[in-house]
Each structure stands twice: as structure tokens, then as C-alpha cells.
2 protein chains.
Amino acid sequence: MQTKTIKSLAGKKRVILPRAVRRQQLILATMRCISEVGLSSVTMAQVTKEAGLSRGIANLHFERKENLLIETLRFVTDEYNRGQAEILDAATFSSAAEQLAALVQFQFSRSVTEATKMAVWFAFYGEATSRPTYQKICADSDARAARSVRALFTQLGAAQEALIDVGAVTDGYIALIDGLWLNILLAPQKMTRAKAKRVARTFLEGVFPSIKA
Amino acid sequence: MQTKTIKSLAGKKRVILPRAVRRQQLILATMRCISEVGLSSVTMAQVTKEAGLSRGIANLHFERKENLLIETLRFVTDEYNRGQAEILDAATFSSAAEQLAALVQFQFSRSVTEATKMAVWFAFYGEATSRPTYQKICADSDARAARSVRALFTQLGAAQEALIDVGAVTDGYIALIDGLWLNILLAPQKMTRAKAKRVARTFLEGVFPSIKA
DNA sequence: GCTGAGAATGAACGCGTGTTCATTCTTAGC
DNA sequence: GCTAAGAATGAACACGCGTTCATTCTCAGC
């Protein structure tokens, strides 16, 4: 099958693929371009070249450059939210503490902290102030992420004696993670994934002493 | 004096001012423009119009657009660093705890968290990955800020019984502040300055119990 | 009051951009 | 095997950008 596909493509001048495939190719190319030259310098010519496709194809599948950029942002946020939900909505963990450990592990996994993705993430953050569409996508993604973290923290807080302000702790944790990501992006040699994980765990152990065990 | 200046300007077609004044006018206009339309959409025409000056003046004082942008970033980071140094290098505080309180107060002051400034700050962060010059300015500023915070934390840590990892606590605190700023920028109605201050204080009290008093 | 140095202006230019669309090519349905 | 639908192409276009520079204007030094 694989061989047949390759052979059948070899002699053809054009390859026709489903819309969804083309869209993803272009989105991935856009991510690489943004991380290389920055959101403010990305051009359609560059993206289509990076994708190995013709000049007009982006407009065919996204109509306007702005749409491609928006879909790229959505792609990144959706992927993160799906990954986080897989952990926090799962019923397969034997304890909340274990679930929390898995969350930290995920947040500083290679996949999430990949330079390409984080560059895209913060590039859009940087433009969000002046672009309502970006702002909304970022805010929605953040809200979704915060909600499930708060739920877990509520559970952990209820199980211990010391009272905590769940809202403040959630806000603090989310801010801490964002800040650590930013540091990883700006100075990767000073802030490694391992270091960031340790900082996050220290914060959590301070708030939820029971997880230390 | 004031009257004379105004009167003397009224009839003139052109006003000639020192280079430093023009440069600052243009930098301030650039900041307003970035926060309004985003770093990727700022044009020289827009900036010079916002500054109430002619088209060519930016090139006269900065030569290239890129230089104006770099100087704008430097302006913002320098201002912050000066403000932080004023607190952390001062010998006028009666205790380290008091100094720490002043730091938090400063970091979430109106002046620092002003939407215009924070938009500029994060706009450049977003482009830093692909622009070595931005990256260096941001990294240098961060390093300077971190150094004096670490010094204060070392002092506070030495004064208490419980041992802390000063490096990790400093990294965590800096990341927390960055993350809180980002939240203030992206969702100002959800994360207020007061709330952010409380979150920061909670973090610090967890690490340095003595300051609670 | 003159004058030279240089600050300020804004029209003009060339280039690179996003977008369009006539054309070419592929394939599913018959 | 034919054909219609539509996916893919890339040359062409119009526009807006950063930058230049001839010209105008200001004022300190004499």
C-alpha cells in the first residue's frame, strides 16, 4: 500500500489531497515559520514554500492570511487543552496526588515545551492585546485550563487540614507555569525543563504538604 | 516662562528641539502604537503621525525602523530596572521584609502594570525568539532583575530557621510575577492588580514565614 | 542683521506584500 | 474511456511599506 502510494505519486505532476490534510500541512509550516522569523515577519510566500506547495494554495484553503494565523493559534491551544484534559478528566489515577504529578510532567514534557510551539504560543500572546480574535482564543484556552486545575486543587485542598484559598492558589499556579514557560523560551540554557519541574513541584508541595510523600 | 514658550511657538511653522527630546517623543508614540495595533502592524507613518511630527523625522533620529523599535524596548526595560533598583539597592529600609513589601508594591503599581507598557513588553517577548537583539535585551534585563531579587532572598533566607533553595525560590518568584503580568494583560477584568499582589504575597509568605508579622 | 550649520519636512521611489484568477491537471462517477 | 467538478498552480496586479533627499526653515554666533 505504502509502496503503491509512493509509486503512484512518483510520476504525477500534481498531488491532490483532502482539504484537512492540506490545512494541517499549512498550519505546521506556519508554526515553523513563526518560530524562525517571528509572527510579524511571516509571509505567505514563505509558508507555502516551507510546506512545499504552490503560492495560491493557502488562499484556496484559508481564504485570507489572517484565517491561517488564527487556525494556527487554535491548533496550538487545542492541542494543549486536549493533552491537559486527558490527564485531568481521567478517572484512571489512583490518587489526586498522582494526577497532579502527571500534570506537572505533562506541562514540562518535551512535546509541550518544544521551542517551535512555545514560540508560536508567545508570539500570539504578544499580539493578543491588539487583536480581539487572538485575545479571545487565548482567554478561552486559559479559562478552560484553569477550570480543571481548580477542580483538582479543590479536591486536594479538601483532603487536608490546612485551609487554602483555592482561587488564589490556582491563579498562582497558572501564573507560575506561564512564567516558567516564558523563561524556558527566552533563556533555555538557564531554565531547563528539569529545573522548571522542580520549581513547580516546590510550589505545589508548599501548598499541599500531603503530596510530598 | 511657560507662557513665553507657548507664545513663541505659536507663530512658528517649525519647532526645533534637542535630539533627546525628539527621540523620546518618538519612543513614546511607538509604545502607544504598539499597544494599539500590535508590533507586527506598526508603521512609521502611524508612529510619526501619533507623535505629531513629519514623515521623515524618525529616520532622521533613528535611521532605521528597527533601531526605533530596539530603543523602545530598551526604554521600557531600563525604566523597569531603574525602578526596581531604586528599591532593592536602597539602604533606607528598616528591614528586609519591608523591602520585600515595597518590591511587590512596585511590581504591581499602576505605573508598571499600565496596559501600554505591558503590551509593549510582551509584544517584544513574543518576537524575541526570532530576533537576537530583542532576545539579548530581554535576557539582560531579566538577569539584572533576578540578581537583586536573589540577593534579597538570600538575606531573608539566612534570617530564618527553615532552609530554602534560594535559586529555585528566586526562579519561581520571577516566573510567578511574569505569569501574573501576563494574566493582567490578557484578562485584566479577571486578574486585577490587587489580586495579583495577594497571590504574590501568599507565595512569599509560604517561603518566608517571618514576613507574615 | 547676516549667515552657515543642521533640524525638519513631505513628496517621490522602489520593493515586497497579500490576493486574484485564468489555466492546468486529477479523479470519481458513469 | 469520457467527462464534469474541483484541486492545484504561479504569473500578474494593486497597494502600502520603509526609506531617501531636495527643499524649507530656525537660530546661535558673529
Distance in angstrom units between [X] [atom1] and [N] [atom2], rounded:
X: B:Asn59; N: C:dA7; atom1: CG; atom2: P; value: 15 Å
X: B:Leu60; N: C:dG6; atom1: CG; atom2: C1'; value: 9 Å
X: A:Lys65; N: C:dG18; atom1: NZ; atom2: C1'; value: 8 Å
X: A:Arg55; N: C:dT19; atom1: CZ; atom2: C1'; value: 8 Å
X: B:Glu63; N: D:dC21; atom1: CD; atom2: P; value: 13 Å

With a 4.0 Å heavy-atom cut-off, tell me which residues in residues 18-43 of chain B come close to DNA chain D, sorted by residue number.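 Heavy-atom contacts with DNA chain D come from B:Val42, B:Thr43.
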
Quick one: does A:Arg14 reach the base of C:dT24 with a side-chain donor-acceptor pair under 3.5 Å?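 Indeed, a donor on one side and an acceptor on the other fall under 3.5 Å apart.
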
Quick one: list whatever passes side chain to side chain donor-acceptor pair (under 3.5 Å) with A:Glu36, sequence neighbours left out. none

Is a donor from one side chain sitting under 3.5 angstrom from an acceptor on the other, for A:Arg131 and B:Ser41?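 B:Ser41 and A:Arg131 do have a side-chain donor-acceptor pair below 3.5 Å.
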
Ring centres under 6.0 angstrom apart ([X], [Y]):
X: A:Phe106; Y: A:Tyr80; answer: yes
X: A:Tyr134; Y: A:Tyr125; answer: no
X: B:Phe122; Y: A:Phe122; answer: no

Are B:Phe62 and B:Leu69 side-chain neighbours, meaning at least one heavy-atom pair lies under 4.5 Å?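 Side chain of B:Phe62 against side chain of B:Leu69, heavy atoms only: no contact under 4.5 Å found.
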
Selection from [options] that lies nearest to any side-chain heavy atom of [X]:
X: B:Ile16; options: D:dT9, C:dA8, D:dA7; value: C:dA8
X: B:Ile57; options: D:dG18, C:dT20, C:dT9; value: C:dT9
X: B:Leu17; options: D:dG10, C:dA8, D:dT20; value: C:dA8

Pairwise distance CG(A:Asp89) to CZ(A:Arg82) - rounded to 0.5 angstrom: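 Answer for the CG-CZ pair, A:Asp89 versus A:Arg82, is 13.0 Å.
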
Please test A:Lys136 against A:Asp140 for salt bridge (Lys or Arg N to Asp or Glu O under 4.0 Å), starting from the C-alpha separation and ending with a verdict. CA-CA 6 Å; A:Lys136 185 162 172 34; A:Asp140 287 355; 3.0 Å; yes

Give the C-alpha distance, both sets of side-chain angles, the deciding distance and a yes or no for salt bridge (Lys or Arg N to Asp or Glu O under 4.0 Å) between B:Lys117 and B:Glu114. CA-CA 6 Å; B:Lys117 270 178 216 164; B:Glu114 206 180 307; 3.6 Å; yes

When you measure from the side-chain N and O atoms of B:His61 to the phosphate of C:dA8, is any distance below 4.0 Å, counting only OP1 and OP2?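 Answer yes for this pair, as a side-chain N or O of B:His61 is under 4.0 Å from OP1 or OP2.
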
Within residues 44-51 of chain B: residues closer than 4.0 Å to DNA chain C (heavy atoms): none

